[in-house]
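The structure follows.
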Amino acid sequence: MAAAVGDWRLVGQEAALSSLTCRRLYARHGKSDDLVLVCVQGSFYAMEAWCSHMGGPLYQGDIEDFGDKLHVVCPWHGYTFDVRTGQNDLGIRQEVFQVKVEDSQVYVMYKCDLSTDPFS
Ligand code: FES
């Protein structure tokens, strides 16, 4: 279940964000709070960016689409996480966050501002 803490944070235009399957979202609070935004067939999902196994960057991962299950594959050791629940078959999990699209803008329910570019 997606965490419902924080506020809706504007991430950007739906059309632009649909161009990548996995992208990094930088968090204003710092690197450890970054997220991965997944876009598959027009649907968006948000999850912690750093793999809970050993910290691999999930925004560099591949997506496995089984129809009813959608997984992001960690590029470091191949662990997979369900993008809807954050669950992994071995019992570790990622936190996931609600995403909504309104007026062609994508929002993530999160504790701090997010950006597709690093905060300076
Ligand atoms: Fe992701 Fe090991 S760091 S599977």
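As the structure lists them, so they are numbered: ligands from 1, and atoms in each ligand from 1. Numbers here are sequence positions counted from 1.
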Counting from 1 in the order shown, the ligand 1 atoms closer than 4.0 Å to a non-hydrogen atom of Trp76 are 3 (S)
Greater than 12 external heavy atoms within 6.0 Å of Asp103's CG:
no
What's the spacing between Gln105 CD and Lys100 NZ if we round to 0.5 Å?
11.5 Å
Atoms of ligand 1 less than 4.0 Å from Met54 heavy atoms?
3 (S)
Look only at the side chain of Glu48 and the backbone of Gln94, and say whether a donor-acceptor pair between them is shorter than 3.5 Å.
no
So which of the N, O or S atoms of His77 lies nearest atom 2 (Fe) of ligand 1?
ND1
Assess the pair Tyr26 and Phe119: is the distance between their ring centroids shorter than 6.0 Å?
no
Of the backbone atoms (N, CA, C, O) and the side-chain heavy atoms from C-beta on, which set of Tyr79 has a member under 4.0 Å from an atom of ligand 1: side chain, backbone, both, or neither?
both
To check your reading of the site, what angle at atom 1 (Fe) of ligand 1 do SG of Cys74 and SG of Cys51 form, to 10°?
110°
Quick one: are Phe81 and Met47 in side-chain contact, heavy atoms under 4.5 Å?
yes
Taking N, O or S atoms only and a limit of 2.8 Å, check whether His53 reaches atom 2 (Fe) of ligand 1.
yes
